[in-house]
Number of protein chains: 2
Amino acid sequence: MANSNLYKGSLTTIILKLLSEHDKMYGYEITQKVKALTKGELQITEGALYPSLHKLEAEGLLDVEVAKVDNRLRKYYKLTEKGTTETVNKLSELEQYIATLQTLINPKLSY
Amino acid sequence: MANSNLYKGSLTTIILKLLSEHDKMYGYEITQKVKALTKGELQITEGALYPSLHKLEAEGLLDVEVAKVDNRLRKYYKLTEKGTTETVNKLSELEQYIATLQTLINPKLSY
DNA sequence: ATATATACATAAATTTCTTATGTATGTAAA
DNA sequence: TTTACATACATAAGAAATTTATGTATATAT
C-alpha cells in the first residue's frame, strides 16, 4: 500500500472476518491469506499481527490451540462465541464507515 | 461512530478532498461540513483537526489566510499546487484501499 | 555456506487520534 | 445576570495502533 496509514483500525476486523470463514487459522497463514486475497495489496506485518492476536485472545474473542506440524510450532486461533458476535458488530461498523467515507469522497451524484 | 479507530488515517484525505471542492475553508467550517455531509456520523474533533491543518500547511499542501469576520478570527485554508496534486494521489489511495477492504469483507460473489 | 520460507515473539519508536484544557467573542435563555 | 451554547482558534498529555528492528528456531533450496 502506498499510504499504510489507512490500514490503521481495520486489522482486527480483517482478522475476525477471516476466522469467521475459516474455522481455525494460525498467524502466518493469516498473513499469507490476506496477501493472496488482496493480490499483494495488503501485507500484514508480524509486528502488527501477533500483538493483535494476543489482544483478541485476552479479550476472549479468540481461543488458541497449539499444534506441532512438520516439527514446527503453530498456534491455531478460532472464534469464541463472543468473538463471533463481535465479528458481526465490527463488520457492520466497518461497512458503515466505508459508506460514510463514500459520501465524502465520491463525486456528488446530485447535479 | 462506534469504532473511531477506523477513522485513523483518513482525516488528511478528507480535509484535502473538501478543500478541492470549496476553494477555501476555515477549520470550524470543515468540522461542520463533515458533520452535515455525514449526517452526524463523522464528527471531527478539534484536537485532531487543527494539528492536521498545521501539518498540511508545514508540508506545503495548504496556504493560510487570516481574516476577521464578525470580530472573530478565521483562518482560511486553501490548496497549493502541490496540495492539489497530493489530493489526487491520496484520493486514489483511499479508493484503492476501500476496494481492497471490500475484497476482504464482502461475501464472495463466486459460488 | 547462504538465502529463503515457515513460524513464533517482543521492544522501541512513530503516527494518529482522544480527551482535557485554555482563550475569546457573540447570542439566547432562565 | 449568569448560565449555557455556538463560534473559532490552540495545545498538551495520554492512549492506541502501527512500523521497524531484532531475536529464536526449523526446513529447504542454491
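Naming: A, B, ... by sequence-line order, numbering from 1 per chain.
When only modelled atom types and interatomic distance are considered, B:Y97 and B:S10 share no side-chain donor-acceptor pair under 3.5 Å.
OP1 and OP2 of C:dC8 both lie 4.0 Å or more from every side-chain N or O belonging to A:Y28. The side chain of A:K55 contributes an N or O atom lying less than 4.0 Å from OP1 or OP2 of D:dA17. For B:Y50, a side-chain nitrogen or oxygen approaches OP1 or OP2 of D:dC9 to under 4.0 Å. OP1 or OP2 of D:dA10 sits under 4.0 Å from a side-chain N or O of B:K75. OP1 or OP2 of C:dA7 sits under 4.0 Å from a side-chain N or O of A:R74. Contact annotation: A:H54 side-chain N/O to C:dC8 OP1/OP2 distance is not under 4.0 Å.
Taking each heavy atom of B:L37 and A:T103 in turn, the nearest pair found is O-OG1, 4.0 Å.
If you measure from atom CG of A:L42 to atom P of D:dA17, you get 17 Å, rounded to the nearest angstrom. As a whole-Å value, the separation of B:I14 CD1 from C:dT16 P is 14 Å. Distance A:N71 CG to C:dA5 C1': 15 Å, rounded to the nearest Å. Between the C1' atom of C:dA11 and the CD atom of A:E46 lies a distance of 15 Å, rounded to the nearest Å. Atom CD1 in B:I44 sits about 15 Å away from atom P in C:dT19, given to the nearest Å. Rounded to an integer number of Å, the gap from B:E57 CD to D:dA10 C1' is 14 Å. As a whole-Å value, the separation of B:L49 CG from D:dA10 P is 9 Å. When the C1' atom of C:dT6 is taken as reference, atom CG of A:D70 falls 10 Å away, rounded to whole Å.
Along DNA chain C, the nucleotide nearest A:L73 and the nucleotide nearest A:P51 are compared for position; the residue whose nucleotide lies closer to the 5' end is A:L73.
Nearest nucleotide to the A:R72 side chain, out of D:dT11, C:dG26, D:dA27: D:dA27. When each of D:dT19, D:dT26, D:dT18 is scored by its nearest atom to the side-chain atoms of A:L11, the top-ranked nucleotide is D:dT18. Comparing D:dT19, D:dA8, D:dT26 by their closest approach to the side chain of B:Y26 singles out D:dA8.
Residue contacts shown for B:E29 are absent, as no nucleic acid heavy atom lies under 4.0 Å away. Nucleic acid contact class of A:G47 (heavy atoms, under 4.0 Å, all strands): base.
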* To do: Please report the C-alpha distance between B:S92 and B:Q96 in whole Å, then the side-chain angles of each, then the deciding distance to 0.1 Å, and finally whether the side chain to side chain donor-acceptor pair (under 3.5 Å) criterion is met.
  => CA-CA 6 Å; B:S92 66; B:Q96 173 61 59; over 6 Å; no
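One N or O on the side chain of B:T80 and one on the backbone of B:G60 form a donor-acceptor pair closer than 3.5 Å.
A side-chain hydrogen bond (donor to acceptor under 3.5 Å, both in side chains) with A:Y26 holds for exactly one of A:K75, A:E65, A:R74; it is A:R74.
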